[in-house]
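Single-structure report; data block below.
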Amino acid sequence: MMLRFLTAGESHGQSLLGIIEGMPAGLSLSEDDINRDLARRQQGYGRGGRMQIEQDRVRIVSGVRWGKTLGTPIGLEVANRDWQNWQEIMSAAVPASPAESAAVTRPRPGHADLSGMLKYGTGDARNILERASARETAMRVAVGAVARRLLEHFAIEVFSHVIQIGSIKAEQFPEDWRRLKQLAEGSPVRCGDPKAAQAMAAEIEAAKAAGDSVGGAFQVIAHPVPAGLGSHVHWDRRLDAKLAQALMSIPAIKAVEVGIGVEAAARPGSQVHDEIFYDGGGGEGPSSRIDAFCWQGKGWLTAGGFYRRTNRAGGIEGGISNGSPIVVQAAMKPIPTLYEPLYSVDFEDLEPVVAGVERSDVCAVPAAAVVGEAMAAWVLASAFLEKFGGDHLEEIEERYRSHLISLSPEPLRGL
């Protein structure tokens with residue numbers, strides 16, 4: 001079973017479109033399931049005026065009947081409410097009298113403007129920035145919400161929280177990830193450290209007053225993820241590589257870490273690798289562990305009784321999930337559109353100018369975290385179907401049950 005999706009649409013076009021292929025039949029899915037995540041993407045301290053205009057709502061146009069997926073391509077549409085103000089500028093047809101002033105000739109440093117203009121042979125950055133815009137991520141969140149429904153059916157949860165905005169880093173997190181998720185969802189900056197969250201908001205306000213922008217970092221956690229997703233066999237099948245590529249595809253993301261990430265480079269091996277233990281069900285094991293963040297509820301079942309007291313690997317070893325929670329971080333650069341613009345060059349006369357200004361956010365890290373969830377959910381759902389795939393849910397459920405049983409070392413001892 002191969003899961004894939006495509007999106008289409010421009011930032012100020014009529015709508016964003018998405019098509020999903022490979023989702024099995026029988027999965028419960030409603031527009032409300034998707035709209036919840038679309039609303040979360042639009043929240044967050046530091047968002048700009050576009051979020052007051054758009055109230056994203058999805059329309060399922062195919063692939064679902066009476067609340068269940070059909071196994072056929074799922075078509076999604078999110079309308080752009082701002083289209084009414086852009087109909088002439090973004091018209092597919094040639095306008096009767098094209099507005100010369102509509103051309104954007106002052107590329108913005110840090111955006112795809114100039115590189116895209118050079119690549120596609122256009123003197124109008126509008127042809128580039130409309131698709132390069134992070135507005136496209138609204139459809140990715142919609143697509144990711146469908147993937148999330150599949151994971152939820154198998155009790156796998158994906159959530160995110162912000163760990164840094166500007167120079168402010170969160171330091172105090174609750175050990176229980178359910179509490180961490182609750183705090184993040186209730187925070188305007190999606191941070192589970194209330195003290196740091198206040199300082200993050202102040203950092204955003206300072207950047208806004210200076211006409212500047214700030215970046216940051218977020219963490220995505222998935223749990224319980226069964227051991228055995230991904231593969232060591234080829235470079236493009238490694239689960240950590242797929243997650244890194246998916247997160248790096250989000251606009252403005254400049255680095256991705258798995259587990260403790262770059263910190264591993266400065267530690268000795270004894271402080272990097274996660275020791276392996278086994279609990280056959282009778283003795284001390286995961287149920288008695290203090291580290292509630294890395295191990296919750298049924299988590300130990302996903303590795304057949306094997307468990308770790310640490311999770312520095314982020315739940316992936318050799319490109320394969322090991323049964324511990326999947327933990328990845330992504331670093332986001334400051335948004336390149338500044339209300340105190342940087343210097344650029346006018347593409348028409350090659351004279352020095354200040355860069356153009358498009359409506360933008362001061363900080364979009366909280367929103368990017370929701371997009372990160374969506375992309376991680378998509379990768380995990382894809383890996384899940386690659387491992388247990390079938391045309392309908394009952395097939396997948398049976399294969400998943402068999403896999404969980406096979407994870408126990410007892411049946412393997414005689415082989």
Side-chain angles (χ1 to χ4, degrees), residues 37 39-48 51 134 137 157-223 247 250-264 266-267 290-296 310-312 314-315 325-335 338 360-376:
D37 280 351
R40 292 172 64 235
R41 173 191 167 276
Q42 292 191 278
Q43 298 167 3
Y45 206 83
R47 300 308 304 274
M51 295 306 102
T137 63
E157 186 169 3
V158 182
F159 76 98
S160 67
H161 65 115
V162 170
I163 57 177
Q164 180 177 353
I165 287 180
S167 63
I168 307 301
K169 294 183 179 181
E171 307 252 342
Q172 300 293 324
F173 296 125
E175 289 185 334
D176 186 337
W177 67 259
R178 290 182 178 86
R179 178 58 179 159
L180 175 60
K181 178 183 176 183
Q182 183 183 43
L183 288 171
E185 290 297 319
S187 165
V189 291
R190 295 193 55 75
C191 180
D193 179 344
K195 184 178 179 181
Q198 282 189 319
M200 289 175 180
E203 189 100 338
I204 294 170
E205 283 300 313
K208 183 178 180 180
D212 215 331
S213 61
V214 286
F218 60 84
Q219 187 175 76
V220 179
I221 300 165
H223 178 80
L247 290 169
I250 301 170
I253 299 302
K254 301 302 289 183
V256 175
E257 299 178 81
V258 181
I260 62 173
V262 297
E263 190 179 335
R267 293 187 182 187
I290 297 174
D291 188 0
F293 174 75
C294 290
W295 212 281
Q296 293 290 334
T310 58
N311 188 22
R312 300 169 186 133
I326 302 293
V327 181
V328 292
Q329 291 83 229
M332 182 182 189
K333 70 179 182 181
I335 291 173
L338 306 178
S360 184
D361 305 324
V362 176
C363 177
V365 178
V370 177
V371 181
E373 285 180 30
M375 295 307 295

Any donor-acceptor pair under 3.5 Å linking the side chain of Asp37 with the backbone of Ala374?
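No; judged by distance alone, with no hydrogens or angles, the pair does not exist.
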Does the Asp361 side chain pair with the main chain of Ala364, one donor and one acceptor, at a distance under 3.5 Å?
no
Any side-chain donor near an acceptor of the partner, Gln43 and Arg40, under 3.5 Å
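No, no side-chain donor-acceptor contact under 3.5 Å.
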Ignoring hydrogens, what is the shortest heavy-atom contact between [X] and [Y]? Give both atom names and the distance.
X	Y	answer
Val158	Ala222	CG2-CB, 4.0 Å
Gln219	Val327	NE2-CG1, 3.4 Å
Val365	Gly216	CG2-N, 3.5 Å
Ala368	Met332	CB-SD, 3.6 Å

Under 4.0 Å between a side-chain nitrogen and a carboxylate oxygen: does that hold for Glu263 and Arg267?
yes
Steps toward side chain to side chain contact (heavy atoms under 4.5 Å, CB included) verdict (Val214, Ile204):
CA-CA 7 Å; Val214 286; Ile204 294 170; 4.1 Å; yes
Might you confirm whether atom CD of Gln198 has over 12 heavy atoms from other residues, nucleotides or ligands at distances under 6.0 Å?
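No, not enclosed.
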Residue Lys169 excluded, over 12 heavy atoms near NZ under 6.0 Å:
no
Rounded to the nearest 0.5 Å, what separates atom NZ in Lys181 from atom CD1 in Ile221?
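Those atoms lie 11.0 Å apart.
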Measure the spacing between CE of Met375 and CD1 of Ile253 and express it to the nearest 0.5 Å.
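One finds 11.0 Å between CE of Met375 and CD1 of Ile253.
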Parallel, tilted or perpendicular for Trp177 and Phe159, by the 30°/60° rule?
parallel
So do the side chains of Asp212 and Leu338 get within less than 4.5 Å of each other, counting heavy atoms only?
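Yes; the side chains approach each other to less than 4.5 Å.
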Report yes if the side chains of Glu185 and Arg190 come closer than 4.5 Å at any heavy-atom pair, otherwise no.
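The answer is yes, as the side chains (C-beta and beyond) meet within the 4.5 Å cut-off.
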